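Take a look at the structure below.
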Amino acid sequence: MEYEIKKQDKFTIVLLKGDVDLYYSPGAREAILEHLNKKQNVLVDLSQVTYIDSSGVASLVEGYQMAKDHELEFGLVGASDAAINVLQLARLDKVFPIYGSVAERLSRGD
Amino acid sequence: MYPTEQLMRLEFPSRPDRLKILRCTIQCAAEMVGCRSDTANQIVIAVNEACMNIIQHAYEGDPNGRILVEISQTERQLRFQLTDSGKPVDLARIRPRDLNDIRPGGLGVHLISEIMDAVEYRRSADGKENLLAMLKGIA
């Protein structure tokens, strides 16, 4: 799984790339949960995701729930058309906090 | 009744790293018969999810199983027939989950039923294979 980790302000940004499918989603899950386990707020950048299946979405749901349990912030940023299409079909687009970009989330303050 | 034409058959091992080839093939086939790209994208999602279910549940992660995907078309519809010889599918347990129940997993069946116009699961007459037929209008 190709991904990048960046720190910006109070967030760890996990930038996922390419197809987040059954083959690659275990890597995505590990990247997301690792930082939440370290008690870091996480934004998952989906702008370079070309495909995401239900296993990839499940990794996002797991991150969302873990963040909630640990009272951390978890959100999605820059969701590509491919990603937003699946989130809408799964009716999860209203569940996750979704921002246009990292800058959009940062401009909100708090 | 329109004649049915077989477009192609694709057989591959039950390995997650082969799903990309499946997706590319399905996308091309759907677009070739006249589906818009958004319809083709959705068909790809449904067929990919169905094959994932076979890998994860019928073959329980065993990479040595075989998955056969046959694509045929009538004038207005695409038909996908998936065949595997994995563990029998418990038909009573195949139902879309309650989407208000936010939890990882269980989304695949929902995506398939949301996208496809008709879905039918059955066991082959000799009891050796799972058969899944999915229909989608060409649009």
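Lettering follows sequence order; numbering is per chain, from 1. Fair warning: this is a prediction, and the values are worked out from it, not measured in the lab.
In this structure, B/Leu10 is not a member of the same hydrophobic cluster as B/Leu68, with clusters built from ILVMFWY side-chain heavy atoms closer than 4.5 Å. Linking Ile, Leu, Val, Met, Phe, Trp and Tyr residues whenever their side-chain heavy atoms come within less than 4.5 Å places A/Leu87 and A/Phe74 in a single cluster. Taking hydrophobic clusters as Ile, Leu, Val, Met, Phe, Trp and Tyr residues chained together by side-chain heavy-atom distances below 4.5 Å, A/Leu43 does not share a cluster with A/Ile5.
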I'd like a table of donor-acceptor pairs (distance under 3.5 Å, sequence neighbours excluded) in which one partner is a side-chain atom from residues 130-139 of chain B, with atom names and distances.
{"unit_1": "B/Asn130", "atom_1": "OD1", "unit_2": "B/Val89", "atom_2": "N", "d": "3.1"}
{"unit_1": "B/Asn130", "atom_1": "OD1", "unit_2": "B/Arg123", "atom_2": "NH1", "d": "2.8"}
{"unit_1": "B/Asn130", "atom_1": "ND2", "unit_2": "B/Asp84", "atom_2": "OD1", "d": "2.8"}
{"unit_1": "B/Asn130", "atom_1": "ND2", "unit_2": "B/Lys87", "atom_2": "O", "d": "2.9"}
{"unit_1": "B/Lys136", "atom_1": "NZ", "unit_2": "B/Ile115", "atom_2": "O", "d": "2.7"}

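At a heavy-atom cut-off of under 4.5 Å, chain A is reached by B/Gln42, B/Val44, B/Ile45, B/Asn48, B/Glu49, B/Met52, B/Ile55, B/Gln56 from residues 42-62 of chain B, listed in order of number.
Proximity to chain B involves both the backbone and the side chain of A/Ser55, based on heavy atoms less than 4.5 angstrom apart. Both the backbone and the side chain of A/Asp53 come within contact range of chain B, each with at least one heavy atom under 4.5 Å from a heavy atom of that chain. Proximity to chain B (any heavy atom under 4.5 Å) is shown, for A/Glu62, by both the backbone and the side chain.
Residue-environment remark: OH (A/Tyr23) stays at or below the threshold of 12 foreign heavy atoms within 6.0 Å. A 6.0 Å sphere centred on NZ of A/Lys10 holds more than 12 heavy atoms belonging to other residues, nucleotides or ligands. Environment of CG in B/Asp117: crowded, with over 12 heavy atoms of neighbouring residues, nucleotides or ligands closer than 6.0 Å.
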**Asked** Checking side chain to side chain contact (heavy atoms under 4.5 Å, CB included) for the pair A/Leu92/B/Leu107: CA distance, chi angles, key distance, verdict?
**Response** CA-CA 11 Å; A/Leu92 288 167; B/Leu107 269 178; 4.0 Å; yes
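Counting all heavy atoms, side chain and backbone alike, A/Ala90 lies closest to B/Leu111 at N-CD2, 4.1 Å. The minimum heavy-atom distance between A/Leu89 and B/Glu114, with the atom names listed, is CD2-CG, 3.7 Å.
Annotation: salt bridge (Lys or Arg N to Asp or Glu O under 4.0 Å) contacts involving residues 34-50 of chain A, sequence neighbours excluded, comprise A/Glu34-A/Lys38.
Residues satisfying the salt bridge (charged side-chain N to carboxylate O under 4.0 Å, His left out) criterion with B/Arg23, sequence neighbours excluded, are A/Asp19, A/Asp21.
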